[in-house]
Student: 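Take a look at the following structure, please.
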Protein chains: 2
Amino acid sequence: MILKHSKQRDAIKGFLMTRKDHPTADVVYSHVRKEFPNISLGTVYRNLTLLSDIGEILRIRVGDGIDHFDATVEPHYHFVCTKCNGVSDLNLDSLNQINEFADASFDGHIAGHVTYFYGTCPDCTKKTLS
Amino acid sequence: MILKHSKQRDAIKGFLMTRKDHPTADVVYSHVRKEFPNISLGTVYRNLTLLSDIGEILRIRVGDGIDHFDATVEPHYHFVCTKCNGVSDLNLDSLNQINEFADASFDGHIAGHVTYFYGTCPDCTKKTLS
DNA sequence: ATTTATATCAGTAATGATTTCTAATATTAT
DNA sequence: ATAATATTAGAAATCATTACTGATATAAAT
């Protein structure tokens, strides 16, 4: 199916690009609504799904049962704060060697892995100390 | 709240212990129903949640949006087959060193990681070849 | 510019997994 | 036995997400 240009899709992608905290569909919705008061949550979901299908954004699942979205599509790892539940990026080299490590003792074929780290984010660490 | 014994809970835990494929609540439900025809899905969910809260089983999220459950609580890694969607265990040493690796370039504190591997399981690998 | 074709939209309804509610039942202690 | 209460079955509610529908916007063809 051929894509047609859409202002709503532009706004969704544009908003995501301004954010480093991997917002949920609901957060995207509430912000894009400032520019498009009549936009529907269904449109937000449809475009987030479309954009991730064509590889322009990432859909991230970090165990809270809610999908998060990320405009940075280059492979990278994520961090989830167990205090504020925030999601952020980690500046970390690829851990692809763990695929071979796992493959060594496995009878099938390992193509990749999904990893996220958890703990206390910089902000919550500061708050704990003060 | 003090726990009381329950035949339904026993059956749920007992069924889970016979399985290595990390069934979903729905699968647990359909099997336990053979012994307790009137058991409700809510009871299955409540007990699976209770058992994982007290650490007798694990609740596993592998990105398909459905919770899987595992009677093996010792830390171990999981594998998801991208062909049959089956979930299985991996016999793999802990990768805890990646926590320190990630911590090195991170301003907060990393307490742990969640990882699962994906690819083709032994069965599907065999079928592809034949 | 008009017309045509169709992708996208807003709004709403439907879905699927999971949780919560309620009155009845089962379990444990007294 | 009796009392106290955790647990149950069944149904309803919730939450995130997807699908449906007729109207609208976009891009291409005339």
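Sequence lines set the chain letters: A, B, ... in the order given, protein chains first and strands last, and positions in each chain run from 1.
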Student: Locate the shortest heavy-atom distance separating B:Ile39 from B:Val32; write the atom from each residue and the value.
Tutor: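 Scanning both residues completely, I find the closest heavy atoms to be CD1-CG1, 3.8 Å.
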
Student: For DNA chain D, determine which residues of residues 21-34 of chain B have any heavy atom closer than 4.0 angstrom to one of its atoms, and list them numerically.
Tutor: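 When residues 21-34 of chain B is checked for heavy atoms under 4.0 Å from DNA chain D, there are no hits whatsoever.
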
Student: Roughly, in whole Å, what's the span from CG in B:Leu48 to P in C:dA17?
Tutor: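 Between P of C:dA17 and CG of B:Leu48: 14 Å.
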
Student: Partners of B:Asp21 by salt bridge (Lys or Arg N to Asp or Glu O under 4.0 Å), sequence neighbours excluded?
Tutor: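 Partners of B:Asp21 by the salt bridge (Lys or Arg N to Asp or Glu O under 4.0 Å) criterion, ordered by chain and then number, come out as B:Arg19.
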
Student: Can you confirm whether or not the ring centre of B:Tyr116 sits under 6.0 Å from the ring centre of B:His78?
Tutor: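 No; B:His78 has its ring centre 6.0 Å or more from that of B:Tyr116.
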
Student: Just checking B:Asp10: does its CG atom have more than 12 heavy atoms from other residues, nucleotides or ligands closer to it than 6.0 angstrom?
Tutor: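 Above 12, so yes.
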
Student: Could you state the interatomic distance from CD1 (B:Ile98) to CG (A:Leu92), rounded to the nearest 0.5 Å?
Tutor: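 That separation rounds to 8.0 Å.
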
Student: Round to the nearest Å and state the distance from A:Ile12 atom CD1 to C:dA10 atom C1'.
Tutor: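 Distance check: A:Ile12 CD1 to C:dA10 C1' gives 13 Å.
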
Student: Rounded to whole Å, how long is the line connecting atom CG of B:Asp64 with atom P of D:dA16?
Tutor: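 Those two atoms, CG and P, are 18 Å apart.
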
Student: Donor-acceptor pair, A:Arg59 side chain versus A:Leu48 backbone, under 3.5 Å?
Tutor: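 Flag not set: sc A:Arg59 to bb A:Leu48 has no pair under 3.5 Å.
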
Student: Do the side chains of B:Val73 and B:Val62 join up, straight or via other hydrophobic residues, at under 4.5 Å, putting them in one cluster?
Tutor: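 Cluster IDs for B:Val73 and B:Val62 match.
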
Student: Pair A:Phe69, A:His22 - check side-chain contact (heavy atoms from CB on, under 4.5 Å), show working.
Tutor: CA-CA 5 Å; A:Phe69 297 88; A:His22 314 79; over 6 Å; no

Student: Which residues pass the salt bridge (Lys or Arg N to Asp or Glu O under 4.0 Å) test with A:Asp103, sequence neighbours left out?
Tutor: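 For A:Asp103, no residue satisfies salt bridge (Lys or Arg N to Asp or Glu O under 4.0 Å) once neighbours in sequence are set aside.
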
Student: Tell me, for nucleotides 4-14 of chain D in 5' to 3' order, what letter each nucleotide earns: B for a base near a protein heavy atom under 4.0 Å, S for only sugar-phosphate near one, - for neither?
Tutor: BBSSBBB----

Student: Within the side chain of B:Ser105, is there an N or O that forms a donor-acceptor pair under 3.5 Å with the backbone of A:Asn91?
Tutor: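 Yes.
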
Student: Identify whether the distance between the nearest side-chain nitrogen and carboxylate oxygen of A:Arg61 and A:Asp67 falls below 4.0 Å.
Tutor: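 Answer for the salt bridge query: yes.
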
Student: Given axes from five pairs at either end, by how many degrees does the helix from C:dA1-D:dT30 to C:dT30-D:dA1 bend, rounded to 10°?
Tutor: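 End axes: 30° apart.
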
Student: Using a strict heavy-atom distance below 4.0 Å, which residues from residues 65-72 of chain B are in contact with DNA chain D?
Tutor: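 Contacting residues: none.
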
Student: Backbone N or O of B:Thr43 within a donor-acceptor pair of the B:Tyr29 side chain at under 3.5 Å?
Tutor: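 Not at all, since once roles are kept as given, no pair shorter than 3.5 Å links the two residues.
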
Student: Write down the distance between OH (A:Tyr45) and P (C:dT12), rounded to a whole number of angstrom.
Tutor: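 A:Tyr45 atom OH is separated from C:dT12 atom P by 18 Å.
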
Student: Parallel, tilted or perpendicular: which describes the rings of A:Phe79 and B:Phe106, with under 30° parallel and over 60° perpendicular?
Tutor: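 Because their plane-to-plane angle lies in the 30° to 60° range, the rings of A:Phe79 and B:Phe106 count as tilted.
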
